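All values derive from a computational prediction rather than experimental measurement. In what follows, every chain begins at residue 1, and chains take the letters A, B, ... in the order their sequences are listed.
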Amino acid sequence: MTVAIIKTKAEQALATDFASRRSRLPGTAANAKMRSEAMAAFERAGLPHRRVEAWKYTDLRAALKEISPFAAGEVSDLSEADLQLALGAFASIAADRLVFVNGHYVPALSTSAPQINLFTLGEVLGSGGTLAPLSTDEAMVSLNGALVTDGAIIDIAAGATLTKPILVIAAATGAKPSLTALRHMIKLGAGAAATVIEVHVALDGALASQSNSVLEISTGDKARLTHFLIGLEGPAATHIQTIAATIGADATLNSFQLTVGTGLARNQAFVRFAGERSKLDISGLMLARGREHIDTTLVIDHAVPHCESRELFKTVLDDTARAVFQGKVIVRPDAQKTDGKQMAKALMLSEACEFDSKPELEIYADDVVCGHGATVAEIDPAMMFYLRSRGIPEDQARAMLIESFVGEALDKIDDEGLRELLSGIARDWLSKGHA
Amino acid sequence: MLEIKNLHAKIAENGTEILKGITLTVPKGEVHAIMGPNGSGKSTLAYVLAGRSDYEVTSGDILWNGESILELSPDERAAAGVFLAFQYPMEIPGVSTMTFLRTSVNATRKKRGQKEYSTPEFMKIARAAALHLGVKDDMLKRALNVGFSGGEKKRMEVLQMALLEPTLCVLDETDSGLDIDAIKIVSEGANKLRGPDKAMLVITHYQRLLNYITPDKVHVLAHGRIHKTGGKELALELEKTGYAEFTGKAA
């Protein structure tokens with residue numbers, strides 16, 4: 001028996017758009033074939049919806065009523081001044097900068113990056129190279145495989161330590177919103193060390209931007225990567241991102257994810273420990289108000305023994321905003337001495353907001369330490385009274401308590417300058433709500 | 001002068017009446033002790049003076065320097081000179097003690113029409129005051145009260161009291177959980193704040209604290225009312241006889 005799948009308006013638009021404009025996407029015939037296969041895989045699954053367990057709380061089929069035409073080679077006009085404005089405090093940090101505007105690398109806005117072997121995916125595809133598809137059953141990754149236009153390929157040689165962070169910027173601009181599909185790769189050779197800061201921004205006029213990006217991370221043995229994912233696209237934007245990471249032996253991966261005021265955001269990370277004695281920390285902040293919806297979904301696969309994983313996500317919600325935290329930790333039968341801890345805490349500033357937390361521990365080894373916790377709370381009236389009895393006015397006392405709540409997550413950031421920068425973004429967001 | 005006039009207060013959530021007509025006057029320059037058994041309403045009185053919203057004043061009034069403070073918010077009361085040293089000071093993770101102290105003092109100074117301190121100015125003042133109370137520099141850098149011992153928390157309360165320059169000090173069971181050495185340090189700190197324009201209300205279950213902070217008057221609170229008032233010798237008397245006389249009376 002065949003079941004006829006009824007496509008939503010957005011799914012139909014994607015299929016039509018792909019059929020008519022696929023020739024504009026970069027790559028050889030071999031790539032075109034892979035794109036067709038990826039699109040077919042996406043169409044079989046459709047946009048993820050609530051009956052797909054991993055997307056239970058973020059129903060894209062229901063949420064994405066409209067889908068914008070995908071980006072395919074259109075030249076975008078973006079001035080350095082406008083970019084600076086959109087980047088805010090990130091404009092002034094000392095970093096090598098790679099700028100992608102509406103899904104395409106823009107050399108004029110980027111700085112040279114002599115410290116790395118930098119290629120862009122656009123270059124690779126344009127010069128006859130091929131792009132191996134990610135093996136996954138994630139529909140949004142398939143869609144990225146069909147529509148991908150460009151991305152940064154950051155390949156850091158064994159033993160190299162970068163002196164400056166690499167800032168990878170995805171900016172959306174222009175009068176008509178588009179759907180962008182970037183695919184970045186960060187590869188650290190054995191013993192290499194780097195900081196990569198990914199910032200997503202949308203400029204005026206592109207507020208309803210849609211992005212569906214993929215980031216592959218691979219850290220060699222003894223390598224150390226500090227990654228930041230900063231989502232600042234605004235309340236009308238849709239941001240879907242998948243991180244697929246593999247960690248070698250004795251390596252460290254720290255990823256801090258700050259999502260502030262994004263209309264609909266889903267950051268999903270699939271991390272696999274491939275070598276022993278490695279450490280992972282994925283932490284972050286989700287700040288949402290209005291009707292915003294932010295989802296963080298993590299799947300940590302302890303495939304080998306003696307690894308440590310830490311996850312701490314703090315969420316502040318106001319109005320009718322909603323946040324989701326799903327954290328799955330798999331400990332394979334051989335992964336003895338695994339040490340995994342996960343914590344999700346939400347602070348609710350209104351009665352109508354919603355926080356869904358779903359921890360999942362799948363433990364097949366017997367000598368492990370694994371724990372998870374989740375809390376949902378309002379501002380503690382006893383703490384408020386204490387601060388106010390010391391002369392601190394209500395608004396200020398409230399701001400202090402919210403800041404103290406988010407501070408625990410921000411403390412995960414080792415670099416003082418970056419910690420202060422991200423704290424500033426959080427403070428700005430907080431002060432907008434209850435000025 | 002603090003004047004509490006026929007004060008009735010209930011727990012806002014369930015309507016249980018705790019204070020059932022307290023009348024009490026503490027002139028400036030005097031220290032009065034409030035003693036009483038557990039559950040008599042001592043802490044409620046302290047909270048109501050500081051303006052905690054969990055309690056609702058149903059009748060009566062509280063006048064400070066001739067004006068009712070009932071309509072003032074807790075922070076406005078602080079600016080008006082009211083300070084409550086908590087029995088159980090709150091732990092505030094993520095807020096450094098120094099930042100908290102500066103915010104508190106500057107907010108209060110602003111409302112009092114005084115000039116706010118710059119950060120370096122304030123740090124000097126806070127460090128000097130901390131030194132007197134045996135509060136280590138390291139404690140000022142840590143999150144407020146987080147991981148502090150009972151004694152450290154109480155010293156921190158007295159440090160706040162010194163920095164905020166209140167004129168009405170209410171000490172709620174400041175001796176609870178302290179050993180004798182800590183009681184001495186905390187009492188010395190409190191005694192330094194006695195003065196001709198200051199009134200102090202010391203709430204305690206045991207007489208012990210009053211060996212160090214000598215009261216001008218002692219009031220016995222039981223079942224939400226003042227049952228007896230006397231000089232400092234009343235405290236010693238209570239130490240011998242206990243509260244049975246008062247708990248029995250209204251039962």
Give me the atom names and distance for the closest heavy-atom approach of B:K111 to A:G391.
NZ-O, 3.9 Å
When the 4.5 angstrom heavy-atom criterion is applied to A:L401 and chain B, the contacting part is side chain
Which atoms of A:D411 are under 4.5 Å from chain B, going by heavy atoms: the side chain, the backbone, both sets, or neither?
neither
Distance from [X] atom [atom1] to [Y] atom [atom2], nearest 0.5 Å?
{"X": "B:R52", "Y": "A:M384", "atom1": "CZ", "atom2": "CE", "result": "12.5 Å"}
{"X": "A:R388", "Y": "B:S73", "atom1": "CZ", "atom2": "OG", "result": "4.5 Å"}
{"X": "B:D75", "Y": "A:D395", "atom1": "CG", "atom2": "CG", "result": "10.0 Å"}
{"X": "A:S389", "Y": "B:L49", "atom1": "OG", "atom2": "CG", "result": "12.5 Å"}
{"X": "B:F83", "Y": "A:R390", "atom1": "CZ", "atom2": "CZ", "result": "3.5 Å"}

Would you indicate whether the side-chain heavy atoms of [Y] and [X] approach each other to under 4.5 Å?
{"X": "A:F385", "Y": "B:M90", "result": "no"}
{"X": "B:I92", "Y": "A:M383", "result": "yes"}
{"X": "A:E403", "Y": "B:V95", "result": "no"}
{"X": "A:I392", "Y": "B:S104", "result": "yes"}
{"X": "A:E408", "Y": "B:P93", "result": "no"}

Does [atom1] belonging to [X] count more than 12 external heavy atoms closer than 6.0 Å?
{"X": "B:E116", "atom1": "CD", "value": "yes"}
{"X": "B:K124", "atom1": "NZ", "value": "no"}
{"X": "B:K198", "atom1": "NZ", "value": "yes"}
{"X": "B:R109", "atom1": "CZ", "value": "yes"}
{"X": "A:K412", "atom1": "NZ", "value": "yes"}
{"X": "B:R112", "atom1": "CZ", "value": "yes"}

Determine whether the aromatic ring centres of residues B:Y88 and A:Y386 are separated by less than 6.0 angstrom.
no
Side chain, backbone, both or neither: which part of [X] has an atom under 4.5 Å from a heavy atom of chain A?
{"X": "B:A50", "result": "both"}
{"X": "B:E76", "result": "neither"}
{"X": "B:L101", "result": "neither"}
{"X": "B:P89", "result": "both"}

Checked B:S53, B:G94, B:P166 vs chain A; the most non-hydrogen pairs under 4.5 Å come from B:G94
